[in-house]
There are 2 protein chains.
Amino acid sequence: MATMTDIAREAGVSLSTVSYALSGKRPISDATRERVQAAIDRLDFHPRASARALALQRTSLLGLAVPQRPDVDDHVVMEFVGSILGAAHEQDYDVLLVTAEDHARTLRVAEEGKVDALIVMDVVEGDARIPSLARLHSPVVLIGNPQDAGGLACVDFDFLAGAMLAVRELHARGASRVAMLKPPSAGPDGPVPTYARRSRLGYAMACAELGMESHVVELPPEPEAVTSFVRDHLVEQREFDGLFVHHEPALALLGRTLLAQGVHCPDDLQVVAVSPADVAMNGPWEVSSVDIPIPAIGQTSVAMALERLSTHETPAHARLLSPAFVPRGTTRAR
Amino acid sequence: MATMTDIAREAGVSLSTVSYALSGKRPISDATRERVQAAIDRLDFHPRASARALALQRTSLLGLAVPQRPDVDDHVVMEFVGSILGAAHEQDYDVLLVTAEDHARTLRVAEEGKVDALIVMDVVEGDARIPSLARLHSPVVLIGNPQDAGGLACVDFDFLAGAMLAVRELHARGASRVAMLKPPSAGPDGPVPTYARRSRLGYAMACAELGMESHVVELPPEPEAVTSFVRDHLVEQREFDGLFVHHEPALALLGRTLLAQGVHCPDDLQVVAVSPADVAMNGPWEVSSVDIPIPAIGQTSVAMALERLSTHETPAHARLLSPAFVPRGTTRAR
DNA sequence: CTGTTAGCGCTTTCAA
DNA sequence: TTGAAAGCGCTAACAG
């Protein structure tokens, strides 16, 4: 529990010399630096973070609001958290976690200056938290891209471009009747992910562009629903020769069902998913996909937060990460 | 960005009066309190956390080291994190997350006083981090119960008692040949979970106590391994009539395999698992189990950390949460 | 290259 | 019931 004053006395120099020796913000003679370092080692000194925070008006802490709702995938959340931790640590920032459900607390850690900036995961369309977040004086970065971001910075995968790319890749490989598979849209009350609209729009635009009919299928992630969809539309009627799947919870299930009903990919049917790489490679197949780069989103969110912290002039904007197609086992060569 | 000095001026009182009005640590006349509160509202004042931390020498932050290794279950990690967040928030603490893999950083947040105490998840037998953690001046709580905790506080489920309870319950329901199923012990280099030894010991002790032979089966969580175990020991030879399963990754798989091979629970075979409740209810069956109370472990870790923070006199000790048996579908009535 | 000193914004003793 | 003032431990002018 030695303080800098102790070090100064021990090393026979002044307080500020110790400070500058540590920060390197002004030249210190080698001799002095060594005596200071020796004193630090001898007394096992560690600078007090709270004192530094008060003097500097920066805590070197990033706030992260994580969703705890049962319907969000813990695996995805942990991947976000991990990439954000990593990116923050690289810039010597630590991460303070708050649950998104406790929004009052989220606001409070920002208002009381416990954190220098806030990253908010799992933003939904018309998110009720946006107005209060926009009122904050600290930088806020939303993960997600709501129609009205209230002037806040956003990072997300470019789901519109991703959907278009997926459909184009299917078409370029010979598919001419491509359906989109997605989860049922929640009731008017339920939360709508910010990507839902954009993904669907991208699908429709690509279909129009390529002169294909668009056909959106909303599928509950239950075995029965998937089974009957495959039976009715892919086996009895060979209605589609391409599937654009934006439906993570049903992806592995779909693979098992196609296998069980003898629909062979990519011969009978080509499939391209939009999903994180690991879920595309989960289950009995490896799905060609437009991968959602979760780590890159996390890293970008940290970069944006820190950017807004240093240069206060950056105009608020959304950053949408560009898609890339990863051919795996469910598409033909082109 | 108003400070307390601003509030004092605005309300026409002294700085200390504002402080006491907020903390309630000395009586303030209603009139004064109201004027202070009015000023606070008018100026939108929020106390600066870093100033308070410096004055109080407490940050109201708990450090939490979470594992990021690919072989730990994200779902379990998130359940721990959630319960720890909840318990911390209840005591007006926030949680700073560090990855367990970056141990240097974990130590640093404690040494620099960024956190008041540290909770370390996923402690393994002979954990290399223990000596350095023990040297810290802040309270540390380990989740896990290593043979040598180096004088640190520990919280864990009582796996020894849990294993004994599981075996006794099987025996009381008529099982007389009970095998234990567990994952393969890692090589001598790999990390050994702190519960491995205790769970196995509990199984052996209960078998001895009940006059049963003990038979430990180490099973890789692969379909082939499970299939051949079921075939060889449960179908061709009906070697066991009870299974004590401490093997989370194989549990659902075992259920599917038994179903496929026509082994019926609880008629042909009774099964009791040690696992979190949700994994016991996952897959094609609902396994009777001794539930690992993850939320309670998380809450207890927070309680212990805060306890050691207030009363420095508490002797270091391990707290082992007692098991309870939850009958589900894989055991008979007794 | 080094020292002196005035903050950062709160808490709390001491004094009224 | 209230006020004045001394810290908490560091940073960063300002002054040599």
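By convention in this document, chain letters (A, B, ...) are assigned in the order of the sequence lines, proteins followed by strands, and residues within each chain are numbered from 1.
D94(B) places no side-chain N or O within donor-acceptor distance of the main-chain N or O of L61(B), the cut-off being under 3.5 Å.
Going from atom CD of Q57(A) over to atom P of dA6(C) covers 19 Å, rounded to whole Å. A straight line from CE of M4(A) to P of dT5(C) spans 17 Å, rounded to a whole angstrom. Rounded to whole angstrom, the span from the CG atom of L54(A) across to the C1' atom of dC8(C) amounts to 4 Å. Summarising the geometry, the separation between CZ on R48(A) and C1' on dC8(C) is reported as 16 Å, rounded to the nearest angstrom.
For dC10(C), neither phosphate oxygen OP1 nor OP2 lies less than 4.0 angstrom from any side-chain nitrogen or oxygen of R52(B).
Against DNA chain D, the stretch residues 27-44 of chain B makes heavy-atom approaches under 4.0 Å through P27(B), I28(B), S29(B), T32(B).
Annotation: side-chain hydrogen bond (donor to acceptor under 3.5 Å, both in side chains) contacts of D41(B) (sequence neighbours excluded): Q37(B). Listed by chain and number, the residues in a side-chain contact (heavy atoms from CB on, under 4.5 Å) with S29(B) are A31(B), T32(B) (sequence neighbours excluded). Applying the side-chain hydrogen bond (donor to acceptor under 3.5 Å, both in side chains) test to R42(B) and every residue at least two apart in sequence or in another chain returns E10(B). Residues passing the side-chain contact (heavy atoms from CB on, under 4.5 Å) test with S23(B) are Y20(B), K25(B), sequence neighbours excluded. Every residue two or more places apart in sequence or in another chain that forms a ring pair (Phe, Tyr, Trp, His ring centres under 6.0 Å) with F159(B) is listed here: F157(B), Y195(B), H246(B).
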Going through the distances and angles, do T17(B) and R33(B) end up as a side-chain contact (heavy atoms from CB on, under 4.5 Å)?
CA-CA 9 Å; T17(B) 299; R33(B) 195 203 324 289; over 6 Å; no
Yes or no on side-chain contact (heavy atoms from CB on, under 4.5 Å) for K114(B) and S60(A), after CA distance, side-chain angles and deciding distance?
CA-CA 10 Å; K114(B) 266 194 169 178; S60(A) 295; 3.7 Å; yes
Where do H103(B) and L133(B) land on the side-chain contact (heavy atoms from CB on, under 4.5 Å) test, with the steps shown first?
CA-CA 10 Å; H103(B) 186 56; L133(B) 289 170; 3.9 Å; yes
Could you go through R26(A) and S16(A), starting from their C-alpha distance and side-chain angles, then the distance that decides it, and tell me whether this counts as side-chain contact (heavy atoms from CB on, under 4.5 Å)?
CA-CA 10 Å; R26(A) 81 181 182 188; S16(A) 59; 3.9 Å; yes
List the atom pairs, with distances to 0.1 Å, where a side-chain N or O of residues 62-74 of chain A and a protein N or O form a donor-acceptor pair under 3.5 Å, not counting sequence neighbours.
from: R69(A); atom 1: NH1; to: D71(A); atom 2: OD1; distance (Å): 2.9
from: R69(A); atom 1: NH1; to: D71(A); atom 2: OD2; distance (Å): 2.7
from: R69(A); atom 1: NH2; to: D122(A); atom 2: OD1; distance (Å): 3.3
from: R69(A); atom 1: NH2; to: D122(A); atom 2: OD2; distance (Å): 2.6
from: D73(A); atom 1: OD1; to: H75(A); atom 2: N; distance (Å): 2.9
from: D74(A); atom 1: OD2; to: H75(B); atom 2: ND1; distance (Å): 2.6

Could you list the donor-acceptor pairs under 3.5 angstrom formed between side-chain atoms of residues 79-90 of chain A and any protein atom two or more places apart in sequence or on another chain?
from: S83(A); atom 1: OG; to: E79(A); atom 2: O; distance (Å): 3.3
from: S83(A); atom 1: OG; to: F80(A); atom 2: O; distance (Å): 2.9

For residues 138-152 of chain B, please give each side-chain donor-acceptor pair under 3.5 Å, one per line with the distance, not counting sequence neighbours.
from: Q147(B); atom 1: OE1; to: R197(B); atom 2: NE; distance (Å): 3.3
from: D148(B); atom 1: OD1; to: G150(B); atom 2: N; distance (Å): 2.9

Could you run down the sub-3.5 Å N/O contacts of the protein with nucleotides 12-16 of chain C?
from: dT12(C); atom 1: OP2; to: K25(B); atom 2: NZ; distance (Å): 3.0

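Heavy-atom contacts of chain A under 4.0 Å fall on DNA chain D between two terminal nucleotides, which in 5' to 3' order are dG9(D) to dC14(D).
Helical stems of DNA chain D (runs of at least 3 Watson-Crick or G-U pairs, donor-acceptor distances under 3.5 Å) are listed by first residue: C:1-16 with D:1-16.
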